[in-house]
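None of the values given here were measured: they were computed from a predicted structure. In each ligand, atom 1 is the first atom listed, and ligand 1 is the first ligand listed.
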Amino acid sequence: MRLDRYIANSGFAARSAVKKLIRGGKVSVNGAPVKRADAKIDENADEVRVGGELIRYDKFIYLMLNKPQGYVSATEDKRYKPVTELIPPEYAHYNAFPVGRLDIDTEGLLILSNDGDFAHRVITPKKNIYKRYYAELDKAAETADIQAFEAGMEFKDFTAKPARLEITADPTRVYIEIAEGKYHQVKRMCERVGKTVLFLKRIKIGGLALDENLPSGAARPLTDDEIKSIFE
Ligand code: URA
């Protein structure tokens with residue numbers, strides 16, 4: 001990889017500023033100063049420093065996005081805005097994609113990453129990673145609905161595993177936990193018990209909760225502990 005690209009991609013500074021630093025003799029590779037921005041380096045072996053500071057280059061990125069309504073969970077779309085438009089510019093070069101899907105009118109926790117193995121582990125129903133949603137319904141949820149969710153549900157295209165329904169003091173407001181993420185799953189499970197979802201927000205994936213201080217539309221990297229918490 002080109003030296004200027006490597007440093008810019010690490011998030012140290014924009015490419016133009018990086019070029020200046022290199023020309024100014026501030027950058028060393030394996031201890032020797034290098035003044036050419038297009039010098040080739042091995043990102044897995046070479047030690048790059050700017051003014052003595054070691055540059056760390058991460059191959060993978062894991063972002064938490066507080067998804068607003070009006071965005072589709074895709075990297076591109078002909079009609080609608082894709083969630084990847086909300087990735088801060090300093091992380092754009094990672095080419096992260098949404099890990100699982102939220103409907104265009106669903107809000108809340110969406111992870112974006114470029115790590116395919118990680119994405120698979122989060123999404124696969126085999127791992128039983130529960131996704132927790134807050135939902136507002138057109139009618140009051142009833143105790144019988146809890147049992148219907150617990151029993152799992154047969155749909156023509158898949159069988160929903162046992163799911164959890166918690167009814168709050170206002171019974172039109174509920175929490176729902178599902179272990180898969182099939183197309184419109186929460187909405188379809190609610191329809192099955194005769195209720196329409198009017199508002200839906202994902203608030204948790206495994207042990208990872210949506211950061212309440214993250215404004216709608218904002219994204220930030222997950223900490224190592226947060227990444228682990230998904231699988232706990
Ligand atoms: N279930 C739904 O119906 N919609 C979502 O966006 C997520 C889960």
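Side-chain polar atoms of D170 and T172 form a donor-acceptor pair below 3.5 angstrom.
The side-chain tip of R164 does not point at the ring of F149 from less than 6.0 angstrom away and within 45° of straight on.
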Could you pull out every donor-acceptor pair under 3.5 Å between side chains of residues 200-210 and any protein atom, sequence neighbours left out?
unit_1	atom_1	unit_2	atom_2	d
R202	NE	L109	O	2.8
R202	NH1	Y133	OH	3.3
R202	NH2	L109	O	3.1

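Using the six-membered ring where Trp is involved, F158 and F155 have ring planes that are parallel, under 30° apart on the 30 and 60° scheme.
Sorted by chain and number, the residues within 4.0 Å of ligand 1 by heavy atom are L102, D103, T106, Y133, H184, Q185, V186, K187, L200.
In this view, Y175 and Y134 satisfy the ring pair (Phe, Tyr, Trp, His ring centres under 6.0 Å) rule, not counting sequence neighbours.
Every pair passing side chain to side chain donor-acceptor pair (under 3.5 Å) that includes a residue from residues 56-76 is listed here, sequence neighbours excluded: R56-D58, Y62-D115, Q69-E107.
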